[in-house]
Amino acid sequence: MLRARHLIDTSDLTLKELEEIFDLAHQIMANPKEFSHLCEDKILATLFYEPSTRTRFSFEAAMLRLGGKIIGFSEPNSSSVSKGESIADTTRTVGCYADIIVMRHPKEGAPKVASMYSDVPIINAGDGGHQHPTQTLTDLLTIKSIKGELSNLKIGCCGDLKFGRTVHSLIKTLSRFENNKFYLISPNELRIPEYVKGELNKNNIEYTEVEKLDDVIGDLDILYMTRVQRERFFNEEDYIRLKDSYILDIEKIKNAPEKMIILHPLPRVNEISIEVDDDPRACYFKQAQYGMYVRMALIVKLLGAK
Ligand code: CP
């Protein structure tokens with residue numbers, strides 16, 4: 001059997017492949033009917049050991065819209081995981097029934113472990129505070145569709161940059177495109193991990209770390225807001241102290257450029273006031289929609305569906 005192609009980190013895809021996925025997503029958006037039977041004989045399994053709305057539903061909707069079928073769990077205790085089954089054994093077993101597996105897990109590296117035991121493609125749907133590669137595909141398709149390019153951008157990442165896996169994947173991936181500059185906006189305790197900064201330094205990518213959003217909002221092409229990740233904190237007191245560090249409201253975006261776009265992987269708690277939703281710069285629900293199309297393109301690519 002040919003070795004399966006997995007997506008654990010966006011570096012598993014070349015720049016050419018990323019562009020192919022975005023092109024295919026645009027084709028699917030333009031002509032969804034042409035793709036509606038492409039995966040008719042295929043089954044996608046979602047193994048979600050952590051809660052999700054967008055990632056799980058968009059993967060399931062993506063496979064259904066490609067004509068395929070879906071199985072899986074969103075609550076591991078309803079499966080033999082509750083009896084102590086290992087990731088390796090669960091993966092090998094589900095691989096007997098499904099053609100592709102999407103896994104979310106609270107432990108960093110769990111989907112990587114699964115991929116070592118799998119003959120079918122494994123897609124990392126978020127592993128702890130580490131990476132979330134398909135959110136990054138979503139973010140990049142959104143940026144490319146709205147801004148027209150993935151280079152020459154000034155990107156502000158704001159909020160919980162320590163535990164927010166979406167920003168780790170996003171920064172790493174946008175660093176592969178030319179002339180992007182990052183503004184890393186967070187409280188001191190929630191700064192970006194050293195390993196992400198190491199990647200930026202290694203590749204001579206310009207970045208600046210600041211605490212105040214007001215100091216940089218006027219310079220940005222993209223403002224990427226994030227939720228403070230309550231589930232990754234070691235104690236509730238720290239979470240309560242830091243949870244309202246940034247609240248984007250109408251007053252704050254008065255100083256932002258007219259063409260800046262506001263993204264958020266969602267779910268939000270209160271870091272973006274609902275009044276901002278009606279501002280033309282707010283693109284986070286459109287972003288969730290792009291997520292389904294880019295996942296359709298990814299499934300087609302990993303399954304080699306023709
Ligand atoms: N953005 C994202 O991963 O959302 P869910 O947790 O709802 O899947």
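None of the values given here were measured: they were computed from a predicted structure. All ligand and atom numbering here is 1-based and tracks the order in the structure. Worth knowing before you read on, the calculation uses all heavy atoms, side chains too, and leaves out hydrogens, waters and symmetry mates.
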Novice: At a heavy-atom distance under 4.0 Å, which protein residues reach ligand 1? Sort them by chain and number, would you?
Specialist: S52, T53, R54, T55, R104, H132, Q135, P265, L266
Novice: My understanding is that only residues two or more places apart in sequence, or in another chain, count here; which of them pass side-chain hydrogen bond (donor to acceptor under 3.5 Å, both in side chains) with K197?
Specialist: E194, E209
Novice: Measure the acute angle between the ring planes of Y239 and F233, then classify it against the limits of 30° and 60° as parallel, tilted or perpendicular.
Specialist: perpendicular
Novice: Quick one about D23 and Q27 (side-chain donor to acceptor, distance below 3.5 Å, no hydrogens or angles considered), yes or no?
Specialist: no
Novice: Could you tell me whether a side-chain N or O of D9 sits under 3.5 Å from a main-chain N or O of D12, the two making a donor and an acceptor?
Specialist: no
Novice: For E236, give me all partners under salt bridge (charged side-chain N to carboxylate O under 4.0 Å, His left out), at least two apart in sequence or on another chain.
Specialist: R230
Novice: Who passes salt bridge (charged side-chain N to carboxylate O under 4.0 Å, His left out) against K212, sequence neighbours left out?
Specialist: none
